[in-house]
Protein chains: 2
Amino acid sequence: MREQGERADAAKNRARVLAAAAELFRDRPAETVTMEDIARAAGVGKGTLYRRYPSREAIAVALLDDHERALQEQLIAGPPPLGPGAPPAERLATFYRAVTDLLEQHGHLALAGETGARRFGTGAYGFWRAHVGSLLTAAGIAEGRAALVDLLLAPLAPELYRYQRDAGLSSRQIADGLTVLAERVLA
Amino acid sequence: MREQGERADAAKNRARVLAAAAELFRDRPAETVTMEDIARAAGVGKGTLYRRYPSREAIAVALLDDHERALQEQLIAGPPPLGPGAPPAERLATFYRAVTDLLEQHGHLALAGETGARRFGTGAYGFWRAHVGSLLTAAGIAEGRAALVDLLLAPLAPELYRYQRDAGLSSRQIADGLTVLAERVLA
DNA sequence: GGAATAGGTGGACGTCGCGTCCAGTTATAA
DNA sequence: TTATAACTGGACGCGACGTCCACCTATTCC
């Protein structure tokens, strides 16, 4: 699926690692899952595990990848308002909602892999930056643009979503708040 | 300074610990400073250190405390636009700028202590929540209020500030972006 | 089909930071 | 001065990390 030069046995082990990690991350808090746990659950040695994934975070990012890529395609070429064709404010609100859904479904993976400052280094973040940047331009907002892009992505931090959900807010309430934000900022 | 029942030698050691930690945090990245480093630099044993501070984070929070309290007083009783009396949008923008300044000066401490999800548990965060909540009310924004409070505080995450600064944005640019945000959201 | 080889495998091992524990010490009260 | 409570500091056990390397196995080339 990723490397074609990959040997058959290696590919099988990669799949087992990902499957085992997915299950572990589903079952318990990310920070309690050790590399050794994943190796054992996958029936693989630590050396093998480290050969491919240098850290727990890298595994979580690999698991998230598919879901994030699907969203990226929608943003580029999907139907409006997620894809091109709708007014910027509406597109931003829809984007917010889509990420919210993603966090609701796969938040545990995001918390395992894209926490804190690491988040800014991922490919997904770069893509989202470009997306929001283009929406700002489309809305005719030039002032403070460079900083605004990141400021508008900050509310999507996985930790924040988790905190708000734990504080009793529903997924709907959070998405609604983000909608208000989107509409007011992109006027 | 904190406990009056504290023995003289204990108080001296507390001061030494805080001074040593402040210096270490200033000199190198927070995550490379170990509890053992702090103990050694303070000329104190690990047991003594742990007696007062359960973690590196707790020490950083203690060091930040003074600065944050000063801001809190300004917000409650200081002159406008930071304190009461100015229109909500202006007060939010000023608040944003004040926190930005704080991050510029003491960001290393914030990164050492109030990173990720831990941030939401601090007293300062609770206070800021209340502040922004009251500004939302004053601005007549009821829709999505519960979630909006946290969403408007998200851009102040220490990791984000550091990331933006490292990406080449000036403190000024970030503050300007925040000002645009404040003015647009609180109309 | 059989060697050669590049790549894959796994677990033992060294290292490091954490946090505890407790025997000895010192301030404070009686 | 003695009794007591609080404080001190370093030795220690633990757990996770990440490396290393001797041993396999799929693949390639003749």
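Predicted model, so just to flag it, every value in this text is computed and none were measured. Lettering follows sequence order; numbering is per chain, from 1.
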Q) Residues two or more places apart in sequence or in another chain: which of them pass side chain to side chain donor-acceptor pair (under 3.5 Å) with B:His106? A)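 Partners of B:His106 by the side chain to side chain donor-acceptor pair (under 3.5 Å) criterion, ordered by chain and then number, come out as B:His67.
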
What's the [atom1]-[atom2] distance between [X] and [N], to the nearest Å?
X       : N      : atom1 : atom2 : result
A:Glu36 : C:dG10 : CD    : P     : 14 Å
B:Met35 : D:dG9  : CE    : P     : 14 Å
A:Tyr53 : D:dA16 : OH    : P     : 22 Å
A:Ile59 : D:dA16 : CD1   : P     : 15 Å
B:Glu57 : C:dG19 : CD    : C1'   : 13 Å
B:Leu49 : D:dT8  : CG    : P     : 11 Å
A:Arg14 : C:dG7  : CZ    : P     : 15 Å
A:Arg40 : D:dC17 : CZ    : C1'   : 14 Å

Q: Have a look at A:Arg52 and say if it touches a base, only the backbone sugar-phosphate, or nothing, with a 4.0 Å heavy-atom cut-off.
A: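 Since only primed, P, OP1 and OP2 atoms lie under 4.0 Å of A:Arg52, the category is sugar-phosphate.
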
Q.
Between B:Val99 and B:Val61, is there shared hydrophobic-cluster membership here, with clusters defined by ILVMFWY side-chain heavy atoms closer than 4.5 Å?
A.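 No, B:Val99 does not connect to B:Val61 through the hydrophobic network.
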
(Q) Looking at every heavy atom in both B:Leu181 and B:Pro155, which two are closest together, and how far apart are they? (A)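 Heavy-atom minimum between the residues: CD2-CG, 4.1 Å.
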
Q. Are B:Arg14 and B:Tyr53 linked by a side-chain donor-acceptor pair shorter than 3.5 Å?
A.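 Side chains of B:Arg14 and B:Tyr53: pair found under 3.5 Å.
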
Q | Distance-only side-chain donor-acceptor flag, B:Thr137 / B:Arg145, under 3.5 Å | A |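 Yes, side-chain donor-acceptor contact under 3.5 Å.
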
Q: Would you indicate, yes or no, if D:dC17 has its OP1 or OP2 atom less than 4.0 angstrom from a side-chain nitrogen or oxygen of A:Arg56?
A: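 Yes, because at least one side-chain N or O of A:Arg56 sits under 4.0 Å from OP1 or OP2 of D:dC17.
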
Q.
If the cut-off is 4.0 Å, is A:Asn13 near the phosphate of C:dG8, judged by side-chain N/O to OP1 or OP2?
A.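 For A:Asn13, the contact criterion (side-chain N or O under 4.0 Å from OP1 or OP2 of C:dG8) is not met.
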
Q | Contact letters for nucleotides 20-30 of chain C, in which S counts primed atoms plus P, OP1 and OP2 and B counts the base, heavy atoms under 4.0 Å | A | BB----BSS--

Q: Look at B:Asp9 together with B:Lys12 and state whether they make a salt bridge at an N to O cut-off of under 4.0 Å.
A: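 No.
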
Q. In terms of ring plane angle, is the pair A:Phe120 and B:Tyr163 parallel, tilted or perpendicular, where the classes change at 30° and 60°?
A.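 The rings of A:Phe120 and B:Tyr163 lie parallel, inter-plane angle below 30°.
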
